[in-house]
2 protein chains.
Amino acid sequence: MATIHDVAKLAGVSIASVSRMLAGENVRSAEAIRQAISDLGYRPNASARGLRLGKHHCIAVIVPDIANPYFAALVRGIEERFMTQGFRIIVASSDEQFSAESELLGNLVDAVDAIAIVPAEEGERTRRLLAALNKPVVLIDRSVGDEPGFDLVNVDNTSGAKAAADYLLSLGHRRIGIISGRQDTVPGRARHQAFLATLAAAGVDVPVEAIKIGEFSRDFGRRAAQELIQQGQIGAAPGAGAAGITALFVANNTMAQGALLALHAAGVSIPRELSFICFDDFDLAELLPAPVTVISRPAIAEGHAAADLLLRRIEHFGSTNQPPLEHKVLPVSLTIRQSCAAPPFN
Amino acid sequence: MATIHDVAKLAGVSIASVSRMLAGENVRSAEAIRQAISDLGYRPNASARGLRLGKHHCIAVIVPDIANPYFAALVRGIEERFMTQGFRIIVASSDEQFSAESELLGNLVDAVDAIAIVPAEEGERTRRLLAALNKPVVLIDRSVGDEPGFDLVNVDNTSGAKAAADYLLSLGHRRIGIISGRQDTVPGRARHQAFLATLAAAGVDVPVEAIKIGEFSRDFGRRAAQELIQQGQIGAAPGAGAAGITALFVANNTMAQGALLALHAAGVSIPRELSFICFDDFDLAELLPAPVTVISRPAIAEGHAAADLLLRRIEHFGSTNQPPLEHKVLPVSLTIRQSCAAPPFN
DNA sequence: ATCGATTCTGAAAACGTTTACAGTATTCAG
DNA sequence: CTGAATACTGTAAACGTTTTCAGAATCGAT
């Protein structure tokens, strides 16, 4: 591999000149240097540069699961912004596990200049872990504690859940079930509470049997739906006296997929027997027997916003006048398809 | 950030001893050093180490689209193997574009020790591009030219396509359509030819109107299916004289999703009017109105195989006795669900 | 021509490691 | 206790950059 010394020798200048010309400064023998560089196929050594500058021009992006299309799009958005700035990106999945996340960060921290993360856990230990990195950090989608101390990008979960509730109410539903994610997460809590609060404001109470709370996973989604079915909340004899629910809100896409799996297996007809709505769009949502109505998020835009915040912070890192912490909230939208209808016999 | 010098000073030894102890050699004052390291929270500087050793302990993984669940699983497999070996991984998507891929490689090449890639193009220029990197490379799923000169992992496309054809034949289909990917790719060609050859061997000819060839993309899948519909190949009046196809083979998952979208929009009933089978499993395949029968690939295992090949090559890189080039072919399997049935009126 | 101001140049130091080399302490056999 | 063998140690060089500093070339004005 050719080094800057080889280039300098071939061009008949000092290595300083080569370095300067590469940095865009004015140099008398620019043409000779350019020639030498292309003759030798010289590429600056990243490690040496990183060592000298104390910068790696690389950032770590950690998400719970890169195979989730929401996260995939998010990462794409982050990439788009950083690539143009000459940054490399290391993407890794934490599998929603604090331990995996912690290990990843340990491995990555001294190879990157900053971290964009959708934390697996929102607890204090995550906050400490991130603070200990002593690098610019931007949180996405979830927070860590009440005073995270990092920039944050998320969406208006409250409005989204409210929109879902309003929509179901407007269709005439009064007996509604909900499958929610972990309540120790911001999206879990916000969506859950806003949904229930909106119903309550309309005088609709959700019985505790129709509330399922657990992991944001496909597996839990399936189990929760199975329970609802077994309890007779869903798909019970369609007699007039049925006390089951006529609509179901699921708080994210992976849980929704699991729930749909269970509902399908049980032969529940959507939307005839049950109206179905969930947070987060997903691949093929529109292909299902009843294309699923969803609250969709601007994942790419979230990525852009996160990257912008991080770039700003990288720029000022180390200096005394840090820009103030920023919390960017992006809007969500209701995408109406065909999985919701008026309740039967209403 | 604490350096090795700080540790050495605190422990009262030379930096060489610290380095040696970190490398696992025997050192008299190991305990004092360990203590100093943990007191200072010392972490070796990756750039300095990379500079000195000429190694980065990082590999690049380039796939066409990380959001495709097959590639996501593949990457997961690669990660699993490399993580345990202390390697970092940079994942990037080429979007099936040679230009993007070329740029990515340019940016990444001097930050990594090796490259695992599903090349966007299989042509000569990709081969040259990769060869010019002068690093260990493993190709996955696709090749580059007839004499790639790199290790290669893929699956038995021929058997897979043959299995699909045999299955459709066994159900009694004789008028069969095919949507294939680009024929300048190994999977595109192998699947296409094996499928047609198997049919031909059974005396079944596929008319050219029922053959669509294009990009491995959702968009092309949709367009191809739309064309088939418009041409009256699919969903024509179900009279006895209909000359349309009764079964459709699609050569990968993204095209299949596009085709399903179009079929669904046109109200084609699967498998009543049309049997549907495709290469590659996909998320939610089992949730569709008619769960889709697919040829599935062992993506994780492919990732493992690729990683193993690459590790071996990294180990011997630079030495004179390179291990011989290896081409690993993994088996595929037919996953029967409910999208195929006997043809109508048969 | 001369001078000062300006622009460019190269030598050398630094970044944080690993490792060859030469040297010092320890161990062991006699 | 001696000497040889062994086990460890520290110094210093190297990896390929960027950047400071002092000095050299160029330029413009007189």
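What you are looking at is a predicted structure, and each value in this text was computed from that prediction instead of being measured. Letters A, B, ... mirror the listed sequences (proteins, then strands); counts begin at 1.
- Taken from CG in B:L40 to CD in B:Q35, the straight-line distance is 10.0 Å, to the nearest 0.5 Å.
- For the atom pair B:R312 CZ and B:E326 CD, the distance stands at 4.5 Å (nearest 0.5 Å).
- Contact footprint of chain B on DNA chain C: nucleotides with an atom under 4.0 Å from a non-hydrogen protein atom, first to last in 5' to 3' order, C:dG16 to C:dA20.
- Nearest-nucleotide mapping onto DNA chain D: of B:G12 and B:A48, the residue sitting toward the 5' end is B:G12.
- End-to-end axis angle for the helix from C:dA1-D:dT30 to C:dG30-D:dC1, using five pairs per end and rounding to 10°, comes out at 30°.
- Under the rule for a salt bridge (charged side-chain N to carboxylate O under 4.0 Å, His left out), the partners of B:D110 that lie at least two apart in sequence or sit in another chain are A:R43.
- Listed for the B:D113 side chain is a donor-acceptor partner under 3.5 Å among the backbone atoms of B:H57.
- In terms of the salt bridge (charged side-chain N to carboxylate O under 4.0 Å, His left out) criterion, A:R20 has no residue partners (sequence neighbours excluded).
- By the neighbour-count criterion of 12 heavy atoms within 6.0 Å, atom CD of B:E103 is sparsely surrounded, having that number or fewer from other residues, nucleotides or ligands.
- In terms of position along DNA chain D, the nucleotide closest to B:N26 lies nearer the 5' end than the nucleotide closest to the other residue of the pair A:N45 and B:N26.
- The line from OG1 of B:T185 to CD of B:E121 is 11.0 Å long, rounded to the nearest 0.5 Å.
- The aromatic rings of B:F87 and B:F82 sit perpendicular, their planes meeting at an angle over 60°, well past the 30° parallel limit.
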Which pairs of donor and acceptor atoms, one on a side chain in residues 136-150 of chain A, lie under 3.5 Å apart (sequence neighbours left out)?
{"residue": "A:D141", "atom": "OD1", "partner": "A:R297", "partner atom": "NH1", "Å": "2.7"}
{"residue": "A:R142", "atom": "NH1", "partner": "A:E96", "partner atom": "OE1", "Å": "3.0"}
{"residue": "A:R142", "atom": "NH1", "partner": "A:P119", "partner atom": "O", "Å": "2.9"}
{"residue": "A:R142", "atom": "NH2", "partner": "A:E96", "partner atom": "OE2", "Å": "3.0"}
{"residue": "A:S143", "atom": "OG", "partner": "A:G145", "partner atom": "O", "Å": "3.4"}

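- To the nearest 0.5 angstrom, A:R81 atom CZ is 14.5 Å from A:R76 atom CZ.
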Under 4.0 Å protein heavy-atom contacts per nucleotide of nucleotides 19-26 of chain D, with B for base, S for backbone only and - for none: BB------
